Structures are given as structure tokens and as C-alpha cells.
Amino acid sequence: MGCGSSSDCGGCPSQSQGCSSSAQPQQPQDLTAPLHELSSVKHVIGVVSGKGGVGKSSVTSLMALTMARKGYKVGILDADITGPSIPKMFGIKEKAYADEVGMYPVTSKGGIDVMSVNLLLENDTDPVLWRGPILGNVVKQFYSDVIWKDIDYLFVDMPPGTGDVAITVYQSLKLDGIIIVTSPQDLVSMIVEKAVKMADLMQVPIIGVVENYSYFHCPDNGKDYKIFGESHIEEILQKYGLLLLGRLPIDPNIANLCDAGDIESIETTNLEDVALPQ
């Protein structure tokens, strides 16, 4: 029986609006957050992983560094609110500040603008004990209240998984696409599928996949060793028609530079051939 044809419709709140089979369907709510009126951002790229421990933040930093070296103006929005690591990698000790106009990112030695919750905390080691809705609002503030000036590429370092903050980023930020970071284990390949399906549900294009920790190149004998076993990423790439953007080795030098806050001094990122939206 169609809506409006039952004798029990008297208590329906839609009766006052004259419900009928020809009524227009309700349009989905637009949750997109606006940029600050003084901001200019051409492209927003999310960097995601289905689980932690795959080097997502280091890949975000390397992607930002790659594009900066190509002459683009680059920013990093650290959306991993409870586990921020971007400022440490870039050796940023200065705190962000705000005035009546808005918030301002801190610029790294190499000219990359960074906004992270650690740039607002009194101590870098202070824990962030906030629940999901607050975390999501902070991410939106980093997008809407921060003045991102003349940014060609804004990379969003997202928290692992498919929780509240990830959903907020997908729904609220105008993502041009995402980069999925994974490692060779079979378990992680399963997690990649989750990230792929979430992106599909959120109707966000996937730029490609970066496989981190693919191998270790021994400087003593010149051989490559697959510390995490054989890669299973080809199966996922073929199944979903995805592009492999690069395979990154286990490199103690990168780890040391990140710990020292000097990632910008790395000679090559191994991501120089990645093509992003223009």
C-alpha cells in the first residue's frame, strides 16, 4: 500500500506537507566544510591506511617534500589528532598561533606549511584525550579556520582505519583523491581492500597505492631482502584496477632523519615519478 493511502496516516508528520508518491526525495545534506576566506588551496590529497604501523606519516612527508621540490607550494594538515608525528619529522618546535582573523600554520625550513595539534599543545608529549566528535571538529577547524595561503597541494595525514576522523575528512574536506599506504603482508592487503571500499562508498577517487617497507637493500652485499615476506599488492591492484605509485624500501637513513627532525635533507624520496591531479 502506498504512502498516503492508508487510514492510519493521520498521525504521520508528513501529512501536513501533503505526502504523495510524487513528492520530491529529500536531498542529502552537504557536510563540506568551507575554506577560510583568505585561504587558497588548489588540490587536497588524503593519505590513508587501513591500519597503523605502515609508515603513513612518513609517506605523507615524502610526498609533500617531493611536490615542494618540483616547485609547488605545499601544506600538510595533520589529521592524526591523537598520534601526531608530522612536526617531529620536520623538526618544527615553533607553536602555531591565532588571532581574530584565523589560525596560521607553521612553515618548515623547506617552506612546507604544517598544522598539527602538537603545534597547539604546551608539551609535545601531552596526550589528546578527546572523543570522536571533538576530534572531527578539530580536523574541520584545521581546514576552515587555518589560513592556507597559495597552496597547490594540501596533504592530509589521516589516522589509520575507518573511524570518526576518517569519515569527517571524507565528508567535510574537498578531496581530489587519496593515496593508500600499505606494506607487503597478506594481512595488510586485506586492510587495503577496506580502504578501497570506503573510498568507493564516499565517492572519492583513488590516486594509487604506495607499498612501504617493500624490501631492505643491504649495503654490504647489494642484495635486496623482503623482510615482511612476499608482496600481495599486485592481486589488489589488479582486482580494483589501481595504480602502484611506488615501492619504498626499509631505509634506516629515513628513520634516522625523521627522528632527528630533518626529513627535508633526504636526497631522494623514491616518489618523484608520482603524478598528482593538476
Side-chain angles (χ1 to χ4, degrees), residues 45-67 76 78-80 83-86 88-89 155-163 165-166 169-170 177-202 204-259 263 266-276:
I45 309 295
V47 184
V48 311
S49 63
K51 66 180 292 296
V54 297
K56 172 184 51 59
S57 294
S58 61
V59 171
T60 302
S61 300
L62 293 174
M63 279 301 316
L65 183 56
T66 298
M67 300 312 292
I76 299 178
D78 190 355
D80 195 351
S85 56
I86 297 296
K88 170 68 175 177
M89 293 181 179
F155 291 96
V156 183
D157 183 22
M158 294 169 60
T162 56
V165 175
V169 171
Y170 277 110
I178 62 167
I179 294 172
I180 300 175
V181 182
T182 184
S183 58
Q185 303 102 307
D186 186 38
L187 168 64
V188 178
S189 295
M190 178 190 71
I191 301 300
V192 169
E193 290 200 60
K194 291 182 181 291
V196 169
K197 291 176 180 178
M198 182 175 186
D200 184 57
L201 287 171
M202 296 295 181
V204 175
I206 299 172
I207 297 170
V209 179
V210 173
E211 185 179 78
N212 201 18
Y213 308 142
S214 290
Y215 59 91
F216 170 70
H217 181 77
C218 180
D220 295 331
N221 61 23
K223 295 182 179 180
D224 293 338
Y225 294 92
K226 298 178 180 179
I227 305 297
F228 288 103
E230 293 294 331
S231 172
H232 297 269
I233 194 62
E234 295 292 347
E235 303 164 14
I236 304 299
L237 296 175
Q238 185 175 5
K239 182 176 181 179
Y240 291 100
L242 301 177
L243 179 66
L244 180 64
L245 301 178
R247 283 189 167 97
L248 304 184
I250 299 172
D251 189 344
N253 181 52
I254 294 179
N256 292 334
L257 291 175
C258 288
D259 289 343
I263 192 171
I266 188 172
E267 294 182 2
T268 177
T269 66
N270 292 319
L271 293 170
E272 285 80 6
D273 294 332
V274 173
L276 295 181

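Predicted model, so just to flag it, every value in this text is computed and none were measured.
Defined by atom type and a distance below 3.5 Å, a donor-acceptor pair is present between the side-chain atoms of S231 and E211.
Annotation: the span from Y215 atom OH to L248 atom CG amounts to 8.0 Å, rounded to 0.5 Å. Taking OG from S61 and CD1 from I266, the interatomic distance works out to 10.5 Å, rounded to the nearest 0.5 Å. Residue I180 holds its CD1 atom at 10.0 Å from OH of Y240, rounded to the nearest 0.5 Å. To the nearest 0.5 Å, atom OG1 of residue T182 and atom CD1 of residue I236 are 8.5 Å apart. To the nearest 0.5 Å, the span separating OG1 on T60 from CG on D78 amounts to 8.5 Å. Rounded to the nearest 0.5 angstrom, K226 NZ and I250 CD1 are separated by 12.5 Å.
Considering all non-hydrogen atoms of both residues, I76 and A64 come closest at CD1-CB, 3.7 Å. Counting all heavy atoms, side chain and backbone alike, Y213 lies closest to G53 at CE1-O, 3.6 Å. Taking both residues in full, the closest heavy atoms of V181 and S49 are given as O-CB, 3.5 Å, listed atom of the first, atom of the second, then distance. For R247 against E234, the heavy-atom pair with the smallest separation is NH2-OE2, 3.2 Å. S58 and G55 make their closest contact through OG-O, 2.7 Å (heavy atoms, listed as atom of the first residue, atom of the second, distance). Here the shortest heavy-atom pairing between A195 and Y170 reads O-OH, 4.4 Å.
The shortest distance between side-chain heavy atoms of V47 and V156 does not fall below 4.5 Å. Contact annotation: the side chain of C258 never approaches that of K88 to less than 4.5 Å [non-hydrogen atoms, C-beta and beyond]. Side-chain contact check for Y225 versus C218: some heavy-atom pair is nearer than 4.5 Å. P160 has its side chain within reach of K56: a pair of non-hydrogen atoms, C-beta onward, lies under 4.5 Å apart. Side-chain atoms of V210 and V59, non-hydrogen and from C-beta on, do get closer than 4.5 Å to each other. Side-chain contact between V209 and L243 is absent, with no heavy-atom pair separated by less than 4.5 Å. Residues I207 and I45 form a side-chain contact, since some pair of their non-hydrogen atoms from C-beta on lies under 4.5 Å apart. A heavy-atom distance below 4.5 Å is not found between the side chains of I86 and F155.
Judged by distance alone, the side chain of D200 and the main-chain N or O of V196 form no donor-acceptor pair under 3.5 Å. The closest donor-acceptor contact from the side chain of D157 to the backbone of A79 lies at 3.5 Å or more, if one exists at all. Checking side-chain atoms of E272 against main-chain N and O of T269 turns up a donor-acceptor pair under 3.5 Å. Not a single donor-acceptor pair under 3.5 Å links the side chain of E235 to the backbone N or O of I233.
Taking S85 as the reference, S57 meet the side-chain hydrogen bond (donor to acceptor under 3.5 Å, both in side chains) condition, with sequence neighbours excluded. With sequence neighbours excluded, no residue satisfies side-chain hydrogen bond (donor to acceptor under 3.5 Å, both in side chains) with D259.
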Which is it for T66 and N270 under the side chain to side chain contact (heavy atoms under 4.5 Å, CB included) test, yes or no, and what are the steps along the way? CA-CA 9 Å; T66 298; N270 292 319; over 6 Å; no
Just do the side chain to side chain contact (heavy atoms under 4.5 Å, CB included) check on K239 and E193 with the steps written out, would you? CA-CA 10 Å; K239 182 176 181 179; E193 290 200 60; 3.1 Å; yes
Test side chain to side chain contact (heavy atoms under 4.5 Å, CB included) on M158 and V165 and set out the steps. CA-CA 8 Å; M158 294 169 60; V165 175; over 6 Å; no
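Within 6.0 Å of atom CG in D273, 12 or fewer heavy atoms from other residues, nucleotides or ligands are found, so the atom counts as exposed in its surroundings.
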